[in-house]
Structure formats: C-alpha cells, structure tokens
2 protein chains.
Amino acid sequence: MTSHIEQLCIEKGLKMTDQRRVVARVLSEANDHPDVEQVHIRAMRIDPNISIATVYRSLRLLEEASIIERLDFGDGRSRYEEACERHHHHLIDIQTGEVIEFINDEIEELKRKIAHDLNYRLIGHRLELYGIKRRTDKDE
Amino acid sequence: MTSHIEQLCIEKGLKMTDQRRVVARVLSEANDHPDVEQVHIRAMRIDPNISIATVYRSLRLLEEASIIERLDFGDGRSRYEEACERHHHHLIDIQTGEVIEFINDEIEELKRKIAHDLNYRLIGHRLELYGIKRRTDKDE
DNA sequence: GTGAGGATGCAAATCATTCTCAAGTGTCAG
DNA sequence: CTGACACTTGAGAATGATTTGCATCCTCAC
C-alpha cells in the first residue's frame, strides 16, 4: 500500500527507498505529533533494521520538501506532523502533554497585520498555547 | 552598584554570590536578547574566572524565579531577557537576526479566548513572527 | 565568628542531531 | 534486463548545547 506521504514524495520526484517508504507510512498513519525517537520506534516495528540516522535524514528530506512540518514545543526535541494546507496551531496540555490543534483566522490576520505595521513581510511564525484543563466554569 | 535584577533576587531571598551578581548585572544592562555564550562573554569582562556552567546555573535560577525569561528562536540556543510585566512577543528579521519586540492586546485577548473555548486555562504561550524587511510598499 | 547548606569550577557526561565512510540500492538509458 | 552512477544507508564517531559529579569554597542566619 502506498501511503499518502509516499504519494506526495513520488509526485515531487524524490527517490523512494524502503526506509523512506517506512518513515512516510509512519507519519501518514500517525495522528499525534511524534518526536524523532517515537518515529524511529514505530519505523522499527515495520523494518527492525532502520537506523535512527536514516530517520533523521528522511524527516529532514520530507520537511524540506514541505511534505511534513517540524514542530518545536520547547522541550528540546523536534516533533513532526504531516503538513496541512490549512494553517493551524497547537495548544499543549502541560499536565498530560496532549496536543490540541486549532485554527483561527483572526490570529492569522492579526499576525500579518502586525508584521506589516512593523514594515516587515511575514515569512514564518510560530504560536503555541500552553494550558491546563478547566475543571469548572469558574476557571478563567 | 546593585543592578535591577540583583534587587529582584534579594527581594526573592536568593542567596547572592559574586557570580550571580555578575550575571544579574549583565542581563540588567543588556538591551538585546543574548544567548548563553554571549552572557558568558559579557560576564567574563567583569569576572574573567566565571565559568560557563555557573552562567547556565544562574540563568536557570533566574528563570525559575521568573526574574528573566528564556526565549527560543528555533536556532538551538536559548536566549534570555529580563522579564517584563508587559507581555510582549518578538519579530525576528531572518536576514539580519535583529529582534523587534511588539505588544498587541488583540492577540493577548484572542489567545485567552481560544484557550477558553477549548476548555483550557491559559498558562503560557509563545508567539514569534519571522519576516524580512519590506523594501517597497508593494510588498505584502 | 561559625557551621551547614548551598554555590562554584572543572571536566566528564548527556542529549539531540549531524556527519563520515564504506557498502548497498534506486533509477534511467540502452 | 543490465549496468553505471549518483544517491542512500547503517554504524559509530563527532558536534554543540546543556547538565552533572565532585572536591572545594562561600553566604548568611544564628
């Protein structure tokens, strides 16, 4: 079976090796935001011989091809997710590590406006929220 | 002379050593966002014997006391600035590395609202914009 | 002034990530 | 189908930022 990411790789003309197919599949099947070690562990379930160096190389390749996105939640590890047309951001539950994705057009517009007002053209940006679950409606 | 940060340390009851005073002074006098190596270099101009390990330890201490803030611009190094009551964010010029601080109440409000709508209480957040200077008014 | 707990300097250790290099593989032309 | 050639891979060493172990030194409350 050809994973969605593998399909994108082929369309971009990337040379497909068994290892890249495995990494592509792992990320296509993930619905979380695994770090490199987690990707490696999942990849080894498919190909026990795949090396961590190859995982790093494949992730970098996919990122440079804009097929996946690298996330940085400030804990010193890179996490990855399949790139999405729709721009979104992340809310990280600091108690459980759970990551909630959200989209907000107002924020997108504001960011652009802020950069513009500072006389800059916006190239990239990064927004993460860190929070804890509200127990009651009293919580702010 | 007692630097502003040293003053805050005293108020928080932190044990003050010569080295901590030096790091406090370096950060109080900085009006940029130095990384650890830069803090160390500046500190060594005051006390040539201060070790990088102590700089790391002092920075961590000050950060944990909420006296300074750690910034992460995604280049693998931590940068620091004096904590500011007024919450602000950073626009990084990806051509020059220059960092522009900005404040935007609408964004603050939006972040709070987004977290609230997701049933979370906002604890922390992080927003950085990366851009390049606009040459003409034509640029977006 | 003293002592106990904490801080420092140095070097070794960690951690994530990248690189080196020899050996293996995918792709494309023929 | 076959080979050439450039590109990949695995293993481990190297890197760069940061932390830690340990022996020694310093701060501060008493």
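Quick note on labels: first sequence line is chain A, next is B, and so on, each numbered from 1.
Proximity of A:Q19 to the phosphate of C:dT25: no side-chain N or O atom is located under 4.0 Å from OP1 or OP2. For the pair A:S78 and C:dT17, the criterion of a side-chain N or O lying under 4.0 Å from OP1 or OP2 is met. Contact between the side-chain N/O atoms of A:Y56 and the OP1/OP2 oxygens of C:dT17 is found at a separation under 4.0 Å.
Picking from C:dT8, C:dC19, D:dT9 the nucleotide with the shortest atom distance to the side chain of A:T17 gives D:dT9. Nearest to the side-chain atoms of A:S51 among the listed nucleotides D:dT19, D:dA11, C:dT8 stands D:dA11. Considering only side-chain atoms of B:K15, the nucleotide from D:dT9, D:dG12, C:dG6 that sits closest is C:dG6. Residue A:A53 has its side chain nearest to C:dC19 when only D:dC28, C:dC19, C:dT17 are considered. Each of C:dC19, C:dG9, C:dA16 was ranked by its minimum atom distance to the side chain of A:R60; first place goes to C:dC19.
The CD-P distance, from A:E64 to D:dC7, rounds to 15 Å in whole Å. Taking atom CG of B:L59 as the reference point, atom P of D:dA17 lies 15 Å away to the nearest angstrom. Atoms CG (B:L61) and P (D:dT27) sit 15 Å apart, rounded to a whole Å. Protein atom CD1 of A:I50 is 14 Å distant from nucleotide atom C1' of D:dA11, rounded to whole Å. Look at CZ on B:R77: it is 18 Å from P on D:dT15, rounded to the nearest Å. Atoms CD1 (A:I52) and P (D:dA13) sit 17 Å apart, rounded to a whole Å. Taking atom CE of A:M16 as the reference point, atom P of C:dC28 lies 14 Å away to the nearest angstrom. Between A:L14 atom CG and D:dC7 atom C1' there is a gap of 12 Å when expressed in whole angstrom units.
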Evaluate A:H89 against B:H125 for ring pair (Phe, Tyr, Trp, His ring centres under 6.0 Å), listing each step before the verdict. CA-CA 11 Å; A:H89 295 286; B:H125 43 105; over 10 Å; no
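Other residues, nucleotides and ligands contribute at most 12 non-hydrogen atoms within 6.0 Å of the CZ atom of A:R25.
One distance of note links CD1 of A:I67 with OG of A:S28; it measures 9.5 Å at 0.5 Å rounding. Rounded to the nearest 0.5 Å, atoms CG (A:L127) and NE2 (A:H90) are 10.5 Å apart.
When heavy atoms are screened at a 4.0 angstrom cut-off, A:D35 is found touching no nucleic acid atom at all.
With hydrogens and angles left out, the side chain of A:R57 and the base of D:dG10 share a donor-acceptor pair within 3.5 Å.
The nearest pair of heavy atoms linking A:L59 to A:I68 is O-CD1, 3.5 Å.
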